[in-house]
Amino acid sequence: MKRAKAFLSTFLLALFVYLSLTLAAGMPEYSMAPEEPWSQIIWSFEEFVLGISVSLIVASLVDHILCRTEDFRMMNPVRWGIILVYSIPLFIEMAKANLDVAYRIITGKIEPAIVKIEPDLESDLGLTFLANSITLTPGTLTVDIDDKKSEMYIHWIKIGEDPTENIAGRFVKWIRRFAE
Amino acid sequence: MTWPMMVILILLIISVIFNALGTIGLHRFPDVYTRLHAATKCTTFGTIFMTFTVMAYSIRRYVIMTDGTKFLNMAIHTFVALIALLITNPTGAHAIARAAHKMGIKPEKAVKDDLEDKESEVS
């Protein structure tokens with residue numbers, strides 16, 4: 001049962017990526033047979049056949065890698081919606097970060113340090129999201145991670161007070177909603 | 001100049017400014033960690049705006065042309081490239097920083113180094 005679920009989720013993901021990459025290939029100006037009924041839809045019939053066969057091969061090869069933990073909480077579409085919403089605060093933080101780093105590049109005012117934070121997340125996905133978010137935002141760069149104790153070592157370009165709250169606090173409450 | 005072209009031009013100017021700042025930072029900062037700050041943040045942000053430029057241009061062409069579906073296709077491919085960039089760029093920076101610290105390169109002018117303390121406790 002778990003194997004079938006893993007196979008199905010990998011297959012659907014691969015098919016989704018394939019179909020979004022070949023979008024509009026069935027439109028009349030691309031089709032070799034514009035008068036056929038299927039060439040009026042947005043994907044051509046051949047594209048569906050090839051997409052399904054490639055996705056079946058991919059799913060049979062890598063389903064045990066994608067679904068390694070055998071925990072299917074990410075199959076819930078609500079969690080994907082939260083990831084999309086999360087990209088808005090992330091983008092605002094990135095804009096602030098870039099203005100800050102641009103200011104430091106021009107003036108050269110830096111006070112670097114490597115600090116330890118304890119974000120208190122358990123899943124691999126949550127820690128990956130947090131590490132990448134931290135690297136993309138204000139003067140902080142993830143150097144090392146201790147995933148057993150959920151500790152991260154962050155290079156901070158201008159050291160400040162209370163690293164766990166100031167670096168990770170904004171992201172942890174968002175990431176906990178979709179990754180835990 | 002029409003307003004869609006103005007939007008595209010503004011996005012392009014922002015992307016070029018941030019990419020230029022990232023390159024200047026690469027020369028100005030003292031050591032590998034601070035240089036990674038310039039390389040990961042400014043160039044990622046600049047390149048995000050560059051993909052936004054391509055997407056805005058493609059959508060504009062899709063709207064004004066009758067057979068412009070190839071431009072819709074281009075916008076989606078650019079979006080896939082944007083997602084790949086957002087995942088790989090921080091991961092690469094993280095790998096470089098970790099390798100540098102394991103090689104024993106100390107962060108220059110650092111006031112505090114928790115990772116160094118932890119490693120010396122273990123050994």
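Each chain gets a letter, A, B and so on, in the order its sequence line appears, and its residues count up from 1. Just so it is clear, the values below take in all heavy atoms, side chains as well, and ignore hydrogens, waters and symmetry mates.
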**Q.** Atom of N98(A), atom of C42(B) and distance for their closest heavy-atom approach
**A.** OD1-CA, 3.4 Å
Q | Test item: F18(B) and L99(A) side chains (from C-beta on) under 4.5 Å apart, heavy atoms | A | yes
Q: Please answer: with hydrophobic residues joined when any side-chain heavy atoms are less than 4.5 Å apart, are M74(B) and I64(B) in the same cluster?
A: yes
Q. Does CZ belonging to F79(B) count more than 12 external heavy atoms closer than 6.0 Å?
A. no
(Q) Please determine whether residues I13(B) and M6(B) belong to a single hydrophobic cluster, defined as Ile, Leu, Val, Met, Phe, Trp and Tyr linked transitively by side-chain heavy-atom distances below 4.5 Å. (A) yes
Q.
On a heavy-atom basis, which atom in L21(A) and which in H77(B) lie closest, and how many Å separate them?
A. O-NE2, 2.7 Å
Q: Take N89(B) and T135(A) through the side chain to side chain contact (heavy atoms under 4.5 Å, CB included) test and state the conclusion after the steps.
A: CA-CA 9 Å; N89(B) 201 324; T135(A) 302; over 6 Å; no
Q: With the side chain counted from C-beta on, respond yes when T34(B) and H155(A) share a heavy-atom pair under 4.5 Å apart, and no when they do not.
A: yes
Q | Single-linkage hydrophobic cluster M50(B)~I48(B), side-chain heavy atoms < 4.5 angstrom | A | no
Q) Quick one: which of T128(A), V143(A), T142(A) gives a side-chain contact (heavy atoms from CB on, under 4.5 Å) with H94(B)? A) T142(A)
Q. Side chain, backbone, both or neither: which part of A131(A) has a non-hydrogen atom closer than 4.5 Å to chain B?
A. neither
Q: Examine L12(B) and M5(B) and state if one hydrophobic cluster contains both, with Ile, Leu, Val, Met, Phe, Trp and Tyr joined whenever side-chain heavy atoms are less than 4.5 Å apart.
A: no
Q) Heavy-atom distance under 4.5 Å to chain A: side chain of R28(B), backbone, both or neither? A) side chain
Q) Quick one: what part of I154(A) sits under 4.5 Å from any heavy atom of chain B, side chain, backbone, both or neither? A) neither
Q.
Given 3.5 Å as the limit, does a donor-acceptor pair link the side chain of K41(B) with the main chain of M94(A), or not?
A. no
Q. What's the spacing between L90(A) CG and L86(B) CG if we round to 0.5 Å?
A. 7.5 Å
Q: Working to the nearest 0.5 Å, report the span between CZ of R98(B) and CG of L141(A).
A: 13.0 Å
Q. Is it true that V54(A) and L12(A) fall in one hydrophobic cluster, defined by side-chain heavy atoms closer than 4.5 Å?
A. yes
Q | Interface moiety of I76(B) toward chain A, non-hydrogen atoms closer than 4.5 Å | A | side chain
Q. Which class fits the ring pair F91(A) and F52(B): parallel under 30°, tilted 30 to 60°, perpendicular over 60°?
A. tilted
